[in-house]
Amino acid sequence: MLTLSHIRKDYGKFTAVEDINLELENGLYAMLAPNGAGKTTLIKMITTLLYPTSGEILYNGMDIYKMGETYRDVIGYLPQHFGYYKNNTPTQYLDYLAALKGISKEAAREKIPELLELVGLSDVSNKKMKKFSGGMIQRVGIAQAMLNDPKILVLDEPTAGLDPVGRDEILGMIKEVHEKTQNTIVLVSHSMEDVAKYVDRIVVMNDGRITFDDTPQNVFSHYKELEKIGLAAPEITYIMNDLKKRGFDVKTDALTIDEGIAEITERLQEKGIF
């Protein structure tokens, strides 16, 4: 359980984050916000890269800033831009980072193949990363964030720069990781379309505060409010709501095109049209 209580962060007279209250436990979460809304500042506090001006962050009831290495042992972090050595293989890169994290050679030798299998890179574990695609590099990044078997995994824009197929592959893999490890994963993103069908809960920030914290379906029901702060719900949300307004009695909580098609087909069959 990670508990954020009345978190505030000031930079001089500017307040970046104000009165954040949040509980994260054993789930797959998305944190979404327009640029400048405070999500990066909040993530940096969760990962102890920044200290809050006021408030507290607790891990299972303990102040994370007083836990020191104990907290670093339970959290994994993939920054949006992470450094890697193109002439290294994934195995070499992870071995190097494991040493930096204080993981013994014996433990690393056992852990690294498991991680590469988990992120789908076993077949290229000894190939140089300079030949890797963007999606493959992101998989290596996720593996490095999991070297310490984190209970909390924070992934900042893990699908940035990827095409739609690549984004789906990475997010699907992240969901599988969560199902296998049952850890808490926080996906930081600006795209609701991408995360809609993968996460259990969406936290939306704006102007340093939490605007919504709910299931994807409930958050997307506020699509007009989301538009006002610069975020768009999945395209299928607009389609289903438009059909509803035009008198076609459909549910509007579909998260994917396939779900929307299934709902429309069912309603047509009830009317004997299809």
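Residue numbers count from 1 along this sequence. Everything numeric here is computed off the predicted structure, so don't read it as measured data.
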Colleague: What's the separation between atom CG in Leu50 and atom CG in Leu42, rounded to the nearest 0.5 Å?
Modeller: 10.0 Å
Colleague: Would a hydrophobic clustering, with Ile, Leu, Val, Met, Phe, Trp and Tyr connected at side-chain separations under 4.5 Å, put Tyr238 with Phe220?
Modeller: no
Colleague: What is the distance from atom NZ of Lys151 to atom CD1 of Ile75, rounded to the nearest 0.5 Å?
Modeller: 13.5 Å
Colleague: Would you call Glu225 and Lys228 a salt bridge, taking side-chain N to carboxylate O under 4.0 Å as the test?
Modeller: no
Colleague: Applying ring-ring contact (aromatic ring centres under 6.0 Å, His included), can you list everything that pairs with Tyr11, at least two apart in sequence or on another chain?
Modeller: none
Colleague: Exactly one of Val124, Asn126, Leu121 should register a side chain to side chain contact (heavy atoms under 4.5 Å, CB included) with Thr91. Which one does?
Modeller: Asn126
Colleague: Compute whether any side-chain donor of one residue and acceptor of the other, for Arg8 and Thr15, lie under 3.5 angstrom apart.
Modeller: yes
Colleague: So does Asp95 pair up with Lys105, basic N to acidic O under 4.0 Å?
Modeller: no
Colleague: What distance separates Tyr77 OH from Ile43 CD1, expressed to the nearest 0.5 Å?
Modeller: 7.0 Å
Colleague: Can we call the ring centroids of Tyr65 and Tyr71 under 6.0 Å apart?
Modeller: no
Colleague: Could you check whether the rings of Tyr93 and Phe82 sit parallel, tilted or perpendicular, using 30° and 60° as the cut-offs?
Modeller: tilted
Colleague: Kindly determine whether Arg167 and Asp163 satisfy salt bridge (charged side-chain N to carboxylate O under 4.0 Å, His left out), including the steps that lead there.
Modeller: CA-CA 6 Å; Arg167 293 197 295 269; Asp163 61 25; over 6 Å; no
